[in-house]
Amino acid sequence: MAVEQDWHRSPAAGAAIGHQLNKRWPARAQGLLDASLKLSIDHVHGALRTCLGQFDKQLFALADRSHGFGDQQRLFGVRERVLHERLAVEARFLDLLTQKFEHIDDHAAAAKQAGSTWHTLELLDPAAQELATTLEQLGSRGEGRHGNVLHELGYRLAVLIGAPPLEGEDLPIGPRTLAQAFHTASLPLELVLEQQVQLLQAFERYVMQTLTPLYDVVNGQLRNDGILPQLRSISLPRHLPGRPSPQPSESLSAGAEEGSRAAAPSAPIEVLESLRNLLAQHRAAAGTRPIYGGIQRAASTEELQTALGALQQHLRQVTDQAGRELRSAALLQEELLTQLNVGKSADAPLTQLSSEQGDTVDLVAMLFEQLSKQLQNSGSANALLSNLQLPVLRMAVADRGFFEQREHPARRLLETVTAAANDWLDGSDDEASRQLAGKLEHLVTRASEEPPSSALYTVLLADIEHHLALLSRKAKAAERRHIEAAQGRDRLDAARRRTAEIMAERFALSRPRGLLRALLERAWSDVLALTLLRHGEGSTAFGDQLVITDQLLGRLPVGDPQQLQEDVKAGLQQIGMHEEEAVQVAQRLLGSPVADSASDQLSTTSLALRLKQRRRLGDTQDSEPSAAAPAAAPGPEPAPAPVKRPPHAPATGAKGEPAEPLEVVAERHLRQLPFGTWFDFDNAGEGAVRRKLAWYSPMSGRCLLVTRRGQRTEDMTLAQLAKEVASGRVHEVQPLRESLLDRAWRSLTGVLRQSAAQPSVSARSP
């Protein structure tokens, strides 16, 4: 409500709302243009305010999820700038909208000027190009969404000014005009490219998609005033500049083609044929020939599916090693031929695979070979992938869309299962791992036993995606709890350091001894740190605790000894001391004088020793590393190993000077990494274990490493982690820009193209 009131108080906004256009047109036309402008401003300014408010929420959410302190501060700075400038953005936008109505008839001059400067050349800025593309797409989607009403509105406004029908950027409240005006109005915010695109997306969602009521109201007002009352919208093909207008026969054929595409949206794009061509060239280069073909009868789809089902049953009965060999591209076709001809007489014609069936078998086998190479050293993941090969092959044989369609359910399931097995099955034997392994095995079993179909794979995909979403949410929640605990511990350490400085200043003036010194150093300093952490150094509560400290040190007079004793007891109880022990300390320190007997002296000494042995606030009992910690955790130095220089470490310094130590370079690099970076820790010859750097403290250097499930592992500092990186025992994992399946496809086509480019065996032979 405050923002809305501020907007109406804004001079620029008020001027825009109450602005009357220059008297350039006849009275009736001028009145209708003024009314259209007012309706437009009344509708748009509310939606624009919502857009900027939602963008502010997006910035806050991004800052909250940011992976680095610097990124978070930059996002908060942008958010503050948006909040401060939002009224100015609204005012500039409305002013540009008013100017567009003022110059509604300038389209002819603009077109003439654009035609005279077509030959101008300039360097292309990638950021400007992406923004221009985003604006173009935004305007095109808006025109497609409101096409009919924009058609009517363009004709009616053109009648008012005596011009050709208005469209595109000539229409003052058209999607292209509004998008360009908003972009121009938001330029002073100085947003980076990504944030400008996000702001335009918010404008499309909260402004562009709400324009239909505005267009209906403006059209209705003009229609009621007699402006083309009988006009009806007719969808006509747009004539693009530089492209010849289609002839009637061409239009009919184009319409038939579009109809056929609409009837068959999954029409093949010949990916399989391209792969088969590459496979043929690969065989020619290797000097091999396929075993299919000849004069024998080709197997039908049903016969091949039966043979594949029988082969699945056979593979369940053999050893793992034999199963892996039978799934190879070399032996798989031979086994299928055996299954196709089992039980036939010797004189019966043999059933063989057709050329397309044989190529499909080879391509799927080669795809799984490449996919296996992309996996980490995980036996469970490879076993799961092997068991999924024949079900996927059955789907590929039944539906060539497996090769043609990127979003095919079988391809998506294969991608999801592979990523889940590779990322989540890390060899741990906890309940979550057992549940996921059981879910994946059940999925593979269903895919093996049930007939292949897109519906089956869609159901299986939804099931595993739901399970993975639950795992991911639990992991994020666990990781967030550990991050909050680490951040709290870091803040507590800062409070304890500040408390130590305050105590050192007071001890320099009056040095306590005995029980009082033990109390102040081991217990009361924790009381001060906790109060500082909860209330701040300038708070009344912290000031009261400092007064108690000075009274204990004798720097301030004690007005009420009994009250001071109660305050000390209450403070000690805040840090977890039992009430009985707190009463004993307070009475011994501040109670009535006692006789100087051996027992009294022993009691005071015993209390002092107990205070010195007391666990400090924030200390934990975890003295041993976690069971899940990698072998590279801090500990005894291992035997020297060959040092691998990290890719970010320079070989020599400037002008031939000695290079910085690798640990220094590695630590500087680590401090620039965002939260969420993954590392591989060498685990004593048992393969690498992967850990995520979930958080680190810029002040203390303490870092938090977690597993995929968000569980905390070892405690390390950035300096210790840098030492491990410099020694080659820890390696940074570069983020993948494509999935494991995409990488396997790319490797497969790369292998085929590389072998096809080499001279054939026959050409090399003498």
Chemist: Check this for me, if you would: do R406 and D742 make a salt bridge, where the nitrogen-to-carboxylate-oxygen distance has to be below 4.0 angstrom?
Modeler: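 Salt bridge present between R406 and D742.
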Chemist: What do you reckon, are the aromatic ring centroids of Y206 and F55 less than 6.0 Å apart?
Modeler: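 Not under 6.0 Å, so no.
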Chemist: For the residue pair H282 and Q754, confirm or rule out a side-chain donor-acceptor distance under 3.5 Å.
Modeler: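 No, no side-chain donor-acceptor contact under 3.5 Å.
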Chemist: With a 4.0 Å cut-off, would you call R690 and D423 a salt bridge?
Modeler: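 Salt bridge flag = no for D423 with R690.
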Chemist: Closer than 4.0 angstrom, basic N to acidic O: yes or no for E479 and R709?
Modeler: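 Here E479 does not pair with R709 in a salt bridge, since their nearest N and O are not under 4.0 Å apart.
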Chemist: Can you say whether the rings of W745 and F402 are parallel (under 30°), tilted (30 to 60°) or perpendicular (over 60°)?
Modeler: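 Ring orientation, 0 to 90° scale: tilted.
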Chemist: If we count only N and O atoms by modelled type, under 3.5 Å, do the side chains of H408 and D399 hold a donor and an acceptor together?
Modeler: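 Short answer, yes.
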Chemist: Measuring from L393:CG to L388:CG, what's the distance to the nearest 0.5 Å?
Modeler: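 Here the rounded value is 11.0 Å.
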Chemist: Is R480 paired with E484 through a side-chain N to carboxylate O contact shorter than 4.0 Å?
Modeler: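 A salt bridge links E484 with R480.
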Chemist: For atom CD of E465, decide whether the heavy atoms of other residues, nucleotides or ligands shown that lie under 6.0 angstrom number more than 12.
Modeler: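 Correct, the count exceeds 12.
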Chemist: Output, in order, the C-alpha distance, side-chain angles, deciding distance and verdict of side-chain hydrogen bond (donor to acceptor under 3.5 Å, both in side chains) for H467 and Q435.
Modeler: CA-CA 9 Å; H467 189 83; Q435 289 181 358; 5.0 Å; no
Chemist: Are any of the side-chain nitrogens in R729 or E724 under 4.0 Å away from the carboxylate oxygens of its partner?
Modeler: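 Result for this pair is yes, salt bridge flagged.
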Chemist: To the nearest 0.5 Å, how far apart are CZ in F403 and CZ in R276?
Modeler: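 The CZ atom of F403 sits 10.0 Å away from the CZ atom of R276.
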Chemist: Would you find a donor on one side and an acceptor on the other, under 3.5 Å apart, between the side chain of S372 and the backbone of F368?
Modeler: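 No, S372 side chain to F368 backbone: no donor-acceptor pair under 3.5 Å.
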Chemist: May I ask you to check whether S700 and D493 show a side-chain donor-acceptor distance below 3.5 Å?
Modeler: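 No - no donor-acceptor pair under 3.5 Å links their side chains.
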Chemist: Rounded to the nearest 0.5 Å, how far does CG of L748 lie from CG of L279?
Modeler: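 Spacing of CG (L279) from CG (L748) equals 8.5 Å.
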Chemist: Would Q405 and R411 count as having a side-chain donor-acceptor pair, cut-off 3.5 Å?
Modeler: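 R411 and Q405 do not have a side-chain donor-acceptor pair below 3.5 Å.
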Chemist: Hey, are R702 and D715 close enough for a salt bridge, meaning a charged N less than 4.0 Å from a carboxylate O?
Modeler: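 The answer is no: the pair does not qualify as a salt bridge.
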